[in-house]
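The structure under discussion appears below in the form of structure tokens.
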Amino acid sequence: MRPLIIAIDGPSGAGKGTVARAVAKKLGYRHVDSGAMYRAVGWKAVRDGVPLDDEEAIAALARRSRIDVTAADVSIDGADVTRAIRTPEIDRAAAAVARLPKVRTVLVEGQRQLGAGGAIVMEGRDIGTVVFPRADVKIYLDASAEERARRRAADPAHSGGPTAIADVATALSARDEIDRTRTASPLAVAADAIRIDTTSKPVDQVVAEVLAVINARI
Ligand code: DC
């Protein structure tokens with residue numbers, strides 16, 4: 001079978017990470033979380049005190065950084081930031097740097113290199129629309145706002161400490177708003193994407209639906 005490029009997009013808490021990881025495992029493909037790359041850049045900008053709206057400075061920072069995203073870890077310039085990038089502060093920093101077109105150009109370039117040989121499941125916001133407009137399979141995962149906030153609040157990888165679901169919901173909808181309304185590659189459903197609503201669906205069922213879409217395409 002020809003090595004495919006599979007794009008999985010959708011808002012936070014739609015289940016992209018869990019589903020993309022399981023689908024990649026099933027196919028023996030590489031899984032890449034593109035959001036982790038924006039998070040790593042946001043983390044380094046905060047660490048170095050670079051203003052999050054200074055497009056030139058953040059793009060330069062992104063360009064000179066080595067970001068490694070593996071199935072298990074995320075590192076930037078050799079520093080393991082796997083846990084450090086999952087905090088409320090870095091949620092906001094990542095959304096801020098992701099608005100900047102020049103930063104996106106740098107990261108999209110890296111994402112295209114990772115996917116050049118296919119055999120990849122990449123998740124994000126613009127994978128099917130911008131990064132790989134000719135992806136073999138495009139999936140858009142969505143879920144109700146309440147369900148997405150519930151999942152995010154229960155996610156142990158998110159180390160913000162115990163947080164009320166209402167607070168998570170407020171922060172999530174603020175970030176969604178930034179992701180959807182920014183001018184550079186806003187979160188959008190690609191015309192040829194298959195949309196799957198994951199609200200109250202067990203992970204296994206969503207994974208099976210995605211695999212069925214992939215099988216139907218090949
Ligand atoms: O998926 P995530 O929450 O880890 O993503 C972090 C931020 O990066 C979020 O604000 C959306 C943004 N992002 C993006 O703009 N494009 C992508 N391909 C992936 C993430």
Side-chain angles (χ1 to χ4, degrees), residues 5-21 31-46 52-53 55 58-59 62 65 67 69 71 73-74 76 81-115 120-133 135 138-143 145 148-149 151-160 168-190 193 198:
I5 294 181
I6 296 165
I8 302 190
D9 289 300
S12 323
K16 297 187 303 288
T18 313
V19 171
R21 192 166 288 116
H31 163 237
V32 174
D33 170 8
S34 66
M37 300 169 81
Y38 290 95
R39 287 175 179 276
V41 169
W43 176 86
K44 186 171 167 184
V46 169
L52 296 175
D53 57 355
E55 180 166 14
I58 308 253
S65 301
I67 303 172
V69 184
D73 312 296
V74 183
I76 184 160
V81 293
T82 312
R83 290 186 59 79
I85 59 172
R86 310 277 167 197
T87 65
E89 183 187 22
I90 304 304
D91 285 348
R92 290 187 294 273
V97 303
R99 295 176 61 195
L100 308 172
K102 288 181 180 167
V103 174
R104 302 196 70 86
T105 303
V106 174
L107 295 188
V108 167
E109 163 80 30
Q111 289 154 11
R112 287 185 179 146
Q113 279 171 12
L114 289 172
I120 195 161
V121 180
M122 192 174 289
E123 56 162 301
R125 302 294 188 290
D126 62 339
I127 309 305
T129 51
V130 174
V131 181
F132 298 118
K138 300 181 186 178
I139 306 283
Y140 188 93
L141 295 184
D142 210 345
R148 295 191 294 107
R151 287 181 190 156
R152 181 44 61 89
D155 184 357
H158 245 84
S159 59
V168 175
T170 308
L172 205 69
S173 71
R175 279 210 300 139
D176 280 355
E177 187 64 13
I178 295 177
D179 292 338
R180 277 185 224 276
T181 57
R182 67 179 177 225
T183 35
S185 312
L187 171 65
V189 190
T198 70

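Keep in mind that what you see is a predicted model, and the values were worked out from it rather than measured. Note that ligands are numbered from 1 as they come in the structure, with each ligand's atoms numbered from 1 the same way.
With respect to the salt-bridge test (charged N to carboxylate O, under 4.0 angstrom), the residues Arg152 and Asp176 do not qualify.
For Thr18, the side chain to side chain contact (heavy atoms under 4.5 Å, CB included) criterion is met by Val203, not counting sequence neighbours. The side chain to side chain contact (heavy atoms under 4.5 Å, CB included) search around Glu89 returns Val46, Thr87, Arg92, not counting sequence neighbours. Taking Arg175 as the reference, nothing meets the salt bridge (Lys or Arg N to Asp or Glu O under 4.0 Å) condition, with sequence neighbours excluded.
Atom CZ of Arg151 sits in a crowded spot, with more than 12 heavy atoms from other residues, nucleotides or ligands closer than 6.0 Å.
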Measure from every N or O atom of ligand 1 to the protein's N or O atoms and keep only the pairs below 3.5 Å, writing each with atom names and distance to 0.1 Å.
residue  : atom   : partner : partner atom : Å
ligand 1 : 1 (O)  : Arg125  : NH1          : 2.8
ligand 1 : 1 (O)  : Arg125  : NH2          : 3.2
ligand 1 : 3 (O)  : Arg39   : NH2          : 3.1
ligand 1 : 3 (O)  : Arg125  : NH2          : 3.2
ligand 1 : 3 (O)  : Arg175  : NH1          : 3.4
ligand 1 : 4 (O)  : Arg39   : NE           : 2.6
ligand 1 : 4 (O)  : Arg39   : NH2          : 3.4
ligand 1 : 10 (O) : Asp179  : OD1          : 3.1
ligand 1 : 10 (O) : Asp179  : OD2          : 3.4
ligand 1 : 15 (O) : Arg104  : NH1          : 2.8
ligand 1 : 15 (O) : Arg104  : NH2          : 3.4
ligand 1 : 15 (O) : Arg182  : NH1          : 2.9
ligand 1 : 15 (O) : Arg182  : NH2          : 2.8
ligand 1 : 16 (N) : Arg104  : NH2          : 3.0
ligand 1 : 18 (N) : Ser34   : OG           : 2.9
ligand 1 : 18 (N) : Arg125  : N            : 3.2
ligand 1 : 18 (N) : Asp126  : OD1          : 2.8

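Across all non-hydrogen atoms, the minimal contact from Pro11 to Tyr140 is CD-OH, 3.7 Å.
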